[in-house]
Peer 1: 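Sending over a structure as structure tokens; questions will come in a sec.
Residue numbers run from 1 in the order of the sequence given. These numbers come from the heavy atoms of this one structure, side chains and all, not from hydrogens, waters or symmetry mates.
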Amino acid sequence: MSLKTERRGIHVDQSELLCKKGCGYYGNPAWQGFCSKCWREEYQKARQKQIQEDWELAERLQREEEAAYASSQGAQAGPQSLTFSKFEEKKSNEKTRKVTTVKKFFTASSKSLPKKDLKEAKAPSPSLSRQYSLETDRVSKDFIEFLKTYQKAGHDVYKLSKIFLEAMFHKRESNIDEQSEFTQDFYQNTADKLQMYWKVSPDKVEKVMDQIERFIMTRLYKHVFCPETTDDEKKDLTVQKRIRALHWVTLQMLCVPVNEDIAEVSDMVVKAITDIIEMDSKRIPRDKLACITRCSKHIFNAIKITRNEPASADDFLPTLIYIVLKANPPRLQSNIQYITRFCNPSRLMTGEDGYYFTNLCCAVAFIEKLDAQSLNLSEEEFSRYMSGQASPKKQDLEDWPADTCPGVKQMHRNLDLLTQLSKRQEHIVNEAKKLEKDLIDWTDEVTKEVKDIVEKYPLNIKTASQALAALESENIEDDKLPPPLQPQVYAG
């Protein structure tokens with residue numbers, strides 16, 4: 001799913017949101033651009049191919065091992081022939097056991113459980129019952145009351161749901177992708193049974209599936225959301241750090257058609273940010289999708305109020321990107337992965353929920369790959385903004401609306417002063433470092449000059465006795481001098 005960037009802003013062709021297999025449903029980056037249905041088909045093909053290749057490799061290795069053993073033991077007879085027969089029997093049993101294990105691992109059905117597990121699956125295990133909270137008890141009561149209107153079909157749906165929960169409990173140590181595949185199969189099989197065997201209308205099937213999802217995911221949430229066996233948490237931190245680094249991105253850079261100076265528009269933006277943040281507090285995939293849908297509708301309303309006309313899809317995506325950057329939703333990647341893995345696939349493939357969720361995935365992908373060209377900036381400007389060395393020029397306070405809060409204006413004045421002080425401090429530090437370097441260079445230069453002079457004109461210091469002797473030797477005729485004058489006193 002490629003993202004196209006033009007000078008006029010961010011643009012994604014709506015056809016690129018659809019499944020790349022051309023089935024007409026919405027695709028998803030987590031499914032490599034396929035919809036849920038096509039992804040499962042591709043996944044099953046790849047899995048069957050891998051199983052077949054493993055099977056052929058095992059058979060080839062066994063034939064080679066048996067041929068080598070037979071050639072080394074061919075000359076021997078009697079008990080050794082019996083030993084070889086036992087060897088063949090052991091290898092055959094080992095091969096059957098490995099194949100059965102592989103089939104159990106890849107079979108997403110409760111029928112793959114041992115008989116003992118199936119008997120235990122009829123009633124909740126004590127360990128699972130202890131995990132129920134007040135919310136899960138309330139959801140259970142609501143689920144039972146809802147299914148009463150479906151009589152026999154409702155009873156069977158409840159029984160299947162309980163068996164599924166027990167099977168998931170036994171799979172809690174399995175790979176998260178296997179648990180997701182098992183859950184998707186359960187959704188699909190249950191929906192098919194509702195329509196084919198119990199003759200439930202499509203509208204009612206959707207309602208039943210929503211209740212089933214709420215019932216099972218309330219119990220599974222803490223086990224399958226951001227599990228330790230995945231790198232979801234690492235991805236969360238990476239995205240969060242990336243969004244923090246892009247805090248300077250403005251409406252103009254993304255070509256967002258929203259005027260936050262309008263009070264009603266500003267209110268819509270705040271509501272959109274609140275909804276996208278609230279997504280993390282929900283436990284049911286459908287409820288998380290509802291938060292994304294509400295956020296998106298607030299965005300469309302903000303664009304409509306600003307332009308006085310209905311918003312287009314080209315206006316929606318850049319605005320959604322701006323909202324995500326401003327909100328920096330907690331555990332964003334974990335929530336997206338959780339919805340992708342455990343939401344009823346029909347919701348992600350069609351409808352407004354699927355459309356808005358696909359756009360959110362595109363927005364996150366754009367943020368991860370955002371560069372200077374995407375924001376219509378030079379590489380130098382982008383690097384300076386990302387490193388914090390500079391920030392985009394803010395709107396002059398004189399140009400702000402008259403009814404702007406004085407506290408906000410004062411805050412921006414203080415921020416400008418702090419920016420100026422930071423620049424002055426940086427200048428002083430640089431000058432101090434330059435002065436320090438000049439002093440070090442001057443000291444080294446003077447030291448070198450003194451050393452050169454000392455080497456060129458060495459200083460020989462004589463002792464005191466040698467100096468007096470030299471003076472006396474120079475005044476050998478002092479005895480011929482007249483005596484010194486004596487002072488005389490005159491009487492006056």
Side-chain angles (χ1 to χ4, degrees), residues 25 35-37 40 108-113 118 121-125 128-129 131-172 176 178-225 282-291 293 335 337-351 353-354 357:
Y25 295 123
C35 67
S36 175
K37 181 175 178 293
R40 291 176 63 200
S109 173
S110 59
K111 294 181 180 179
S112 62
L113 292 172
L118 285 175
K122 294 181 180 179
S125 64
L128 187 61
S129 299
Q131 298 170 3
Y132 293 171
S133 62
L134 293 176
E135 182 180 359
T136 56
D137 291 339
R138 178 179 57 80
V139 171
S140 296
K141 293 177 182 179
D142 294 341
F143 186 55
I144 293 173
E145 289 297 323
F146 173 80
L147 292 178
K148 284 182 179 179
T149 57
Y150 292 86
Q151 300 177 353
K152 179 66 167 61
H155 179 269
D156 291 342
V157 167
Y158 183 76
K159 182 178 178 181
L160 289 174
S161 300
K162 299 295 285 186
I163 292 176
F164 168 78
L165 285 173
E166 287 297 328
M168 283 292 288
F169 178 74
H170 290 289
K171 287 178 174 288
R172 64 189 182 277
I176 191 65
E178 182 185 350
Q179 297 182 52
S180 172
E181 183 71 13
F182 187 51
T183 304
Q184 299 294 328
D185 285 340
F186 171 71
Y187 285 145
Q188 187 63 47
N189 295 335
T190 305
D192 292 343
K193 288 181 180 179
L194 284 170
Q195 289 187 358
M196 297 174 61
Y197 296 105
W198 298 313
K199 308 300 180 182
V200 180
S201 63
D203 294 340
K204 291 186 177 180
V205 168
E206 185 176 352
K207 293 181 180 179
V208 173
M209 294 308 300
D210 289 342
Q211 293 296 324
I212 290 175
E213 179 185 310
R214 179 176 297 276
F215 175 70
I216 64 175
M217 295 314 301
T218 301
R219 288 157 174 74
L220 298 177
Y221 173 78
K222 64 181 180 181
H223 301 291
V224 298
F225 181 84
K282 304 298 182 182
R283 302 176 66 180
I284 316 302
R286 179 170 172 260
D287 292 345
K288 292 181 180 291
L289 276 178
C291 291
T293 300
N335 281 288
Q337 291 296 330
Y338 176 68
I339 294 172
T340 302
R341 292 165 181 157
F342 297 102
C343 183
N344 184 357
S346 62
R347 284 196 168 273
L348 300 183
M349 294 163 58
T350 59
D353 288 344
F357 179 70

Peer 1: Closer than 3.5 angstrom, by distance alone: can the side chain of Gln184 be matched with the main-chain N or O of Asn344 as a donor-acceptor pair?
Peer 2: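 Checked: no pair found.
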Peer 1: Are Leu220 and Met168 close enough that some pair of their side-chain heavy atoms sits under 4.5 Å apart?
Peer 2: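 Leu220 reaches Met168 side chain to side chain.
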Peer 1: Picking from Tyr150, Trp198, Phe146, what satisfies side-chain contact (heavy atoms from CB on, under 4.5 Å) with Val157?
Peer 2: Trp198
Peer 1: Work out which heavy atom in Tyr187 is nearest to a heavy atom in Pro345; give both atom names and the distance.
Peer 2: CD1-CD, 3.8 Å
Peer 1: Should the pair Asp142-Arg138 be classified as a salt bridge under the 4.0 Å nitrogen-to-oxygen rule?
Peer 2: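 A salt bridge is present here (some side-chain N lies under 4.0 Å from a carboxylate O).
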Peer 1: How are the rings of Tyr221 and Tyr338 set to each other: parallel, tilted or perpendicular (split at 30° and 60°)?
Peer 2: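 Perpendicular.
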Peer 1: Apply ring pair (Phe, Tyr, Trp, His ring centres under 6.0 Å) to Phe182 and Phe164, showing your working.
Peer 2: CA-CA 9 Å; Phe182 187 51; Phe164 168 78; 5.4 Å; yes
Peer 1: Please name the pair of heavy atoms, one in Phe215 and one in Val139, separated by the smallest distance, quoted to 0.1 Å.
Peer 2: CA-CG1, 3.8 Å
Peer 1: For Asp203 and Lys207, what are the C-alpha separation, side-chain angles and deciding distance, and is it a salt bridge (charged side-chain N to carboxylate O under 4.0 Å, His left out)?
Peer 2: CA-CA 7 Å; Asp203 294 340; Lys207 293 181 180 179; over 6 Å; no
Peer 1: Determine the minimum heavy-atom distance between Val200 and Val205, stating which atoms define it.
Peer 2: O-CG2, 3.6 Å
Peer 1: Show the numbers, then the answer: is there a salt bridge (charged side-chain N to carboxylate O under 4.0 Å, His left out) between Asp156 and Lys152?
Peer 2: CA-CA 6 Å; Asp156 291 342; Lys152 179 66 167 61; 2.7 Å; yes
Peer 1: For residues Leu147 and Gly154, report the shortest heavy-atom separation together with the two atoms involved.
Peer 2: CD1-O, 3.4 Å
Peer 1: Using every non-hydrogen atom in the two residues, find where Thr340 and Leu348 come nearest and quote the distance to one decimal.
Peer 2: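 Heavy-atom minimum between the residues: CA-CD1, 4.1 Å.
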Peer 1: What distance separates Lys171 NZ from Glu181 CD, expressed to the nearest 0.5 Å?
Peer 2: 10.5 Å
Peer 1: Which residue, Arg214, Lys282, Arg347, forms the salt bridge (charged side-chain N to carboxylate O under 4.0 Å, His left out) with Asp287?
Peer 2: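 It is Arg214, the one option of Arg214, Lys282, Arg347 that forms the salt bridge (charged side-chain N to carboxylate O under 4.0 Å, His left out) with Asp287.
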